[in-house]
Amino acid sequence: METLKKFELMEKIVRELEDLQHSQQAIIQKIGKIEVDNIELGDKKLEQDLPDMHQRVADNLEAIVGILDYFANKTEKFGNKNNIDELKEQQVINGAVGK
């Protein structure tokens, strides 16, 4: 795979992991709101199951954050090692002259 294309794919994966992280955070917030609402309602099934759901989603979020940190660092190192900024500039120049 061409270096610049590989870097762009790596950046895309980082963005998707960030989106996944935000989605998991939103799910945790929603579960928390349901737990708070259920304090007034007092449904036993919700009272029993929601804390476990909350914990599983929190565990998933922790795993996602770890993967994101790892892969974002790997992407940055790959970009620095392969002079991605220079490759992008060359791509722009080549596009301007029709190569």
Side-chain angles (χ1 to χ4, degrees):
M1 178 180 277
E2 179 190 329
T3 302
L4 191 53
K5 287 185 189 267
K6 181 175 180 178
F7 181 75
E8 289 170 351
L9 183 57
M10 291 172 80
E11 283 186 314
K12 178 184 177 202
I13 291 171
V14 168
R15 288 189 304 273
E16 289 171 344
L17 286 166
E18 288 170 342
D19 185 47
L20 188 57
Q21 177 185 358
H22 295 138
S23 296
Q24 291 295 298
Q25 289 169 330
I27 290 170
I28 289 173
Q29 290 173 343
K30 288 178 191 259
I31 292 171
K33 288 178 183 178
I34 294 168
E35 287 175 312
V36 168
D37 289 341
N38 193 51
I39 290 171
E40 185 176 336
L41 184 62
D43 185 273
K44 295 297 180 195
K45 178 74 171 162
L46 294 179
E47 199 173 292
Q48 179 183 348
D49 291 350
L50 287 174
D52 292 337
M53 286 176 55
H54 192 274
Q55 186 59 53
R56 285 192 304 270
V57 174
D59 291 344
N60 285 340
L61 177 59
E62 186 176 322
I64 291 165
V65 168
I67 291 168
L68 173 58
D69 287 344
Y70 156 78
F71 202 74
N73 286 332
K74 181 177 180 169
T75 302
E76 183 179 350
K77 287 178 184 176
F78 181 86
N80 292 338
K81 178 182 172 188
N82 291 286
N83 299 315
I84 292 299
D85 290 337
E86 290 178 28
L87 290 175
K88 287 181 179 180
E89 287 176 19
Q90 189 62 46
Q91 185 180 47
V92 170
I93 292 168
N94 290 347
V97 296
K99 287 187 177 179

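All values below come from the heavy atoms of this structure, side chains included, with hydrogens, waters and symmetry mates left out.
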Do N82 and L4 have side chains that approach each other closer than 4.5 Å (heavy atoms only, starting at C-beta)? no
Determine the minimum heavy-atom distance between P51 and L46, stating which atoms define it. CD-O, 4.0 Å
From the list V65, D59, N60, side-chain contact (heavy atoms from CB on, under 4.5 Å) partner of Q24 resolves to N60
Where Q48 and D52 come nearest, the two heavy atoms and their spacing: O-OD2, 3.9 Å
Examine I27 and L50 and state if one hydrophobic cluster contains both, with Ile, Leu, Val, Met, Phe, Trp and Tyr joined whenever side-chain heavy atoms are less than 4.5 Å apart. yes
Would you find more than 12 non-hydrogen atoms of other residues, nucleotides or ligands less than 6.0 Å from E47 atom CD? yes
Which value, rounded to the nearest 0.5 Å, describes the distance between E8 atom CD and K88 atom NZ? 6.5 Å
Hey, could you give me the CE/OG1 distance between M10 and T75, rounded to the nearest 0.5 Å? 3.5 Å
The reported gap from NZ in K45 to CG in N38 (rounded to nearest 0.5 angstrom) is 12.5 Å
Non-hydrogen atoms of L68 and Q21 that approach each other most closely: CD2-OE1, 3.0 Å
Would you compute the distance between atom NZ of K74 and atom CD1 of I13 and round it to the nearest 0.5 angstrom? 9.5 Å
So CD1 of I64 and CD of Q25: to nearest 0.5 Å the spacing works out to 9.0 Å
Just jot down the side chain to side chain contact (heavy atoms under 4.5 Å, CB included) partners of I67, sequence neighbours excluded, or say none. L17
How many angstroms lie between CD in Q29 and CD1 in I31, if you round to the nearest 0.5 Å? 11.0 Å
Side chain to side chain donor-acceptor pair (under 3.5 Å) against K81, all qualifying residues, sequence neighbours excluded: none
D19 side-chain N/O to R15 backbone N/O, donor-acceptor pair under 3.5 Å: no
Heavy-atom donor-acceptor pair, N83 side chain to E86 backbone, under 3.5 Å: no
Is there a continuous path of hydrophobic side-chain contacts, each under 4.5 Å between heavy atoms, that joins Y70 to L61? no
